[in-house]
Asker: 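Sharing a structure below in structure tokens format, with a few things to ask.
Here is how names work: the chains are called A, B, and so on, in the same order as the sequence lines, proteins then strands, and each is numbered from 1.
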There are 2 protein chains.
Amino acid sequence: MAKGKTKVETPPAPESGRAVTIHDVARYAGVASMTVSRVVNGNSYVSDAMRERVQAAIKALNYSPNLAARNTRAGNTGPRVGVLYSNPSASYLSEVMLGGIEQSSRLGTQLVLERSTGLASQKAAVRRLLDQGVDGVILPPPLCDSRPTINMLHAAGVKVLALATARPMHDVSSVRIDDYQGAAAMTRHLIELGHSRIGFVKGDPQHTPTQLRYEGFVDAMTAAGLPVDPDWVVQGQFTYRSGLAAAELLLSPDERPTAIFASNDDMAAAALAVAHGLQIAVPEALTVVGFDDTPIASTVWPELTTIHQPISAMGRAAVSLIVDEIKAERAGNAPGPTHQLMKFTLVKRGSSGPAPAKAPSRRRAAKA
Amino acid sequence: MAKGKTKVETPPAPESGRAVTIHDVARYAGVASMTVSRVVNGNSYVSDAMRERVQAAIKALNYSPNLAARNTRAGNTGPRVGVLYSNPSASYLSEVMLGGIEQSSRLGTQLVLERSTGLASQKAAVRRLLDQGVDGVILPPPLCDSRPTINMLHAAGVKVLALATARPMHDVSSVRIDDYQGAAAMTRHLIELGHSRIGFVKGDPQHTPTQLRYEGFVDAMTAAGLPVDPDWVVQGQFTYRSGLAAAELLLSPDERPTAIFASNDDMAAAALAVAHGLQIAVPEALTVVGFDDTPIASTVWPELTTIHQPISAMGRAAVSLIVDEIKAERAGNAPGPTHQLMKFTLVKRGSSGPAPAKAPSRRRAAKA
DNA sequence: CTGAAAGCGCTTACAG
DNA sequence: CTGAAAGCGCTTACAG
């Protein structure tokens, strides 16, 4: 504690109204501000003794760096990052943005949002982004897989990051989960619960995760020695409406599956609604599971067992990654695209349970 | 590239890699940076001639101010604003945050998030917020109506803003829509469509909007000379599950309403699921409407007719308002709390339609 | 390994 | 109404 020339030990009054600065810490610790900066950023060489002294001061004064000031130095107008999205109301996007904006404010990066409605408006949206001087653009799904968009952006010398694409490209950075493994994990979970008659609802064939999730399901079934009945694999579109139709197809016949694995939550929620309508008790008579863990998964009842994508963490990671790339480029290095794989988790909620003892027959039986 | 003393008029190359600064603009316009600052901030006295010259330069150079730098001056560590929330997964919150974070990054304000799980943890959450030196706290629902929380915050000398409360308090600023008028407008819409037999699902009695939405419904019915059948007013909890139960109550009896007005979207979505299960066609045989316009409203099928709350705009407004208050306080003024009323809009989608010609009877009739 | 100097882009007083 | 000076909190070179 003893420090500096004077013998006084009182820290600069923290209640004095103004925020604690790096200089307060420096004075308290009896070192130069520069040293505090180094400790805070944890990069350069600092002796252990010094480091400890500074850290104690930081703690004592409850110092936290002023982020606005940090990015002010060095012509370091933090990179501008654009987000080009197409589906505005999706809760998925809100969550991505939540993480993205949080991270960009932490990094002092300016985030610019643009919406592209149709394919036609894409050119215009890209132009607006470019006009605003973005150095990089994040593409959430489904634009993450749009080659034309990527090419336009690359032509303008702008970095591109594909968010939640299922098939990373060689020339575009990506942040994603492993859709294949996620689907396989969910399928194994169903099998462990005793299900063998499992219906699957595929997603929009245009989206890259669709095929991989399906393959994950098929391979896990096969690995367990279970057959995949083609009648129980139904094409969906990732929309609630398509889930409605798919579930009706799966649940109406006399012989129906004991579990439905819908390849996203919206479709699973729809399957739940259909089951409810048919008086099929979930999870007692039917297990329904989804994928993504968007808010709807915990809105419906019973809540959906699903594969949790760390969506807002992925938004954060996307911003970090692209900012790093931009900085590297500015510094003269030109590393290739990087690909970050995030961990998914299987979250078990009320919509899944053990397979019913005997294969259920017609739904009438259950009716009150 | 050529600039400064030489006679060339070329603007400082905008592609030169670094961002356009206030000094570039000043040089281009031949004025002091100070003057540019004044024009940009539009506050002080600037002659029209000067203003135009500067504005032209700004446009020519496509200048936009560096926000990080702006809040660096004057010990002006932009106010810190906390958000204390209780329900993390709600898509509602994501949208609030979207607006809030956007505005705070625009204002250079630091946003601090804290979650309070139970009533027990509230004290701890408030303390953490205070430790982080917040000057104000935004309370999204349902905390917006928690007197204990507000009192704790006030005791610490921190500004409080209640977001989306239905009943603004005299000592706390608020941003909200008029729940009463929203419900009344929706009810009138149903009546115009020819509905007179309307079921209503109330929300959680603990939340302030619940009562006002109900009153708006009742008063609009009464004003149109229509009776409110107590059997068709069902208590809900704002949850999907409670909507399921409520809709079953409303739709099972032989005589059922031709429209259901659920006082939020989650419950309306549930009503849709129940109707679907009972083979009641929406909107042909039954109209279902909600309130809030959260993402689920446009996820389900048919999409919900609902009252749109400009949620992210409310998040933005909340940050603006509380930052203004904090600044006013710092400047020595102490204006009372302000209350901002935002406009709701009635959005008509597929779930509502004209009342069926004759009162429908038992659902069996409709079955294939 | 540590520090004194200079500067980031902008704005707040202070002079004209 | 306009501008030259000083400073915000932090960091990047540059010296020890």
Side-chain angles (χ1 to χ4, degrees), chain A residues 3-4 12 17-54 57-58 61 63-80 106-110 133 327 330-332, chain B residues 12 17-54 57-58 61 63-80 106-108 110 133 327 330-331:
Chain A
K3 42 110 217 242
R18 99 202 145 64
V20 179
T21 78
I22 199 172
H23 301 112
D24 297 325
V25 177
R27 204 175 309 122
Y28 187 95
V31 302
S33 316
M34 199 48 249
T35 305
V36 178
S37 172
R38 277 194 268 256
V39 170
V40 169
N41 293 294
N43 35 18
S44 306
Y45 304 82
V46 185
S47 69
D48 288 350
M50 193 105 288
R51 182 181 310 282
E52 272 168 36
R53 197 137 59 104
V54 171
I58 288 174
L61 266 39
Y63 166 73
S64 81
N66 178 326
L67 302 158
R70 175 173 282 176
N71 273 82
T72 233
R73 178 75 185 90
N76 190 3
T77 314
R80 283 195 198 180
R106 182 173 300 164
L107 261 32
T109 304
Q110 235 161 305
K327 285 185 177 167
R330 284 186 183 177
Chain B
R18 100 199 144 65
V20 179
T21 78
I22 199 172
H23 300 111
D24 297 324
V25 177
R27 204 175 308 124
Y28 187 95
V31 302
S33 316
M34 200 47 251
T35 305
V36 178
S37 171
R38 278 194 268 256
V39 171
V40 168
N41 294 294
N43 36 18
S44 307
Y45 304 81
V46 184
S47 69
D48 289 349
M50 192 106 287
R51 183 181 309 283
E52 272 168 37
R53 196 137 59 103
V54 171
I58 288 174
L61 265 39
Y63 166 72
S64 80
N66 178 328
L67 301 157
R70 174 173 283 176
N71 273 82
T72 232
R73 177 75 186 89
N76 191 3
T77 314
R80 281 193 199 183
R106 182 174 299 165
L107 261 32
Q110 233 161 305
K327 285 185 176 166
R330 284 186 182 177

Asker: Ignoring backbone atoms, establish whether A:S47 has a side-chain N or O less than 4.0 Å from OP1 or OP2 of C:dT2.
Answerer: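 Answer is yes, contact under 4.0 Å.
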Asker: State whether A:S37 places a side-chain N or O below 4.0 Å from either non-bridging phosphate oxygen (OP1 or OP2) of D:dT11.
Answerer: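 For D:dT11, OP1 or OP2 has a side-chain N or O of A:S37 closer than 4.0 Å.
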Asker: The side chain of A:H23 is closest to which nucleotide in this list: D:dA4, C:dT2, D:dG9?
Answerer: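 Nucleotide nearest to A:H23's side chain: D:dG9.
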Asker: According to the Watson-Crick and G-U wobble definitions, with both distances under 3.5 Å, which nucleotide is paired to D:dA13?
Answerer: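 Its partner: none found.
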Asker: Ignoring hydrogens, what is the shortest heavy-atom contact between A:V20 and A:L61? Give both atom names and the distance.
Answerer: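 Result for this residue pair: CG2-O, 3.5 Å.
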Asker: Does C:dC8 have OP1 or OP2 under 4.0 Å away from a side-chain N or O of B:T21?
Answerer: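 No, no such contact exists.
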Asker: Which heavy atom of A:T21 sits nearest a heavy atom of A:Y63, and at what distance?
Answerer: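 In this case the closest contact between A:T21 and A:Y63 is C-CE1, 3.5 Å.
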Asker: Round to the nearest Å and state the distance from A:M50 atom CE to C:dC1 atom C1'.
Answerer: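 Answer to the nearest Å: 10 Å.
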Asker: Please give, in whole Å, the distance from D:dA13 P to A:Y45 OH?
Answerer: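 My rounded result for the distance is 17 Å.
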Asker: Looking at C:dG3, I'd like to know if its phosphate oxygens (OP1 or OP2) sit under 4.0 Å from a side-chain N or O belonging to A:T35.
Answerer: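 A:T35 to C:dG3 OP1/OP2: side-chain N or O found under 4.0 Å.
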Asker: Which nucleotide in the list D:dC10, C:dC10, C:dT2 gets nearest to the side chain of A:Y63?
Answerer: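 Nucleotide nearest to A:Y63's side chain: D:dC10.
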Asker: Counting only side-chain heavy atoms from C-beta out, which of D:dA4, C:dC1, D:dA13 sits nearest to A:M34?
Answerer: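 The listed nucleotide nearest to A:M34's side chain is D:dA13.
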Asker: Without decimals, in angstroms, what is the distance between B:D48 CG and D:dC1 C1'?
Answerer: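 After rounding, the gap between these two atoms is 11 Å.
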Asker: Measure the distance from CZ on A:R51 to C1' on C:dC1 and round it to the nearest whole Å.
Answerer: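 Whole-Å distance recorded here is 11 Å.
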Asker: In whole angstrom, what separates B:I22's CD1 from C:dC8's P?
Answerer: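 Spelled out: CD1 on B:I22 to P on C:dC8 is 14 Å.
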Asker: Atom CZ of A:R27 to atom C1' of D:dC10: distance rounded to whole Å?
Answerer: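 It is 15 Å, rounded to the nearest whole Å.
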Asker: Shortest non-hydrogen contact from B:R53 to B:A29?
Answerer: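 Reported closest heavy-atom pair: NH1-O, 2.8 Å.
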Asker: If you compare all heavy atoms of A:V54 against all heavy atoms of A:V25, which two are closest, and at what distance to 0.1 Å?
Answerer: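 Heavy atoms only, the tightest pair is O-CG1, 4.3 Å.
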Asker: Looking at every non-hydrogen atom in both residues, tell me the closest pair between B:T35 and B:M50 and how far apart they are.
Answerer: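 Looking at all heavy atoms of both residues, the shortest contact is CG2-CG, 3.4 Å.
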Asker: Between D:dC8 atom P and A:D24 atom CG, what is the distance in whole Å?
Answerer: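 For the pair A:D24 CG and D:dC8 P, the rounded distance is 11 Å.
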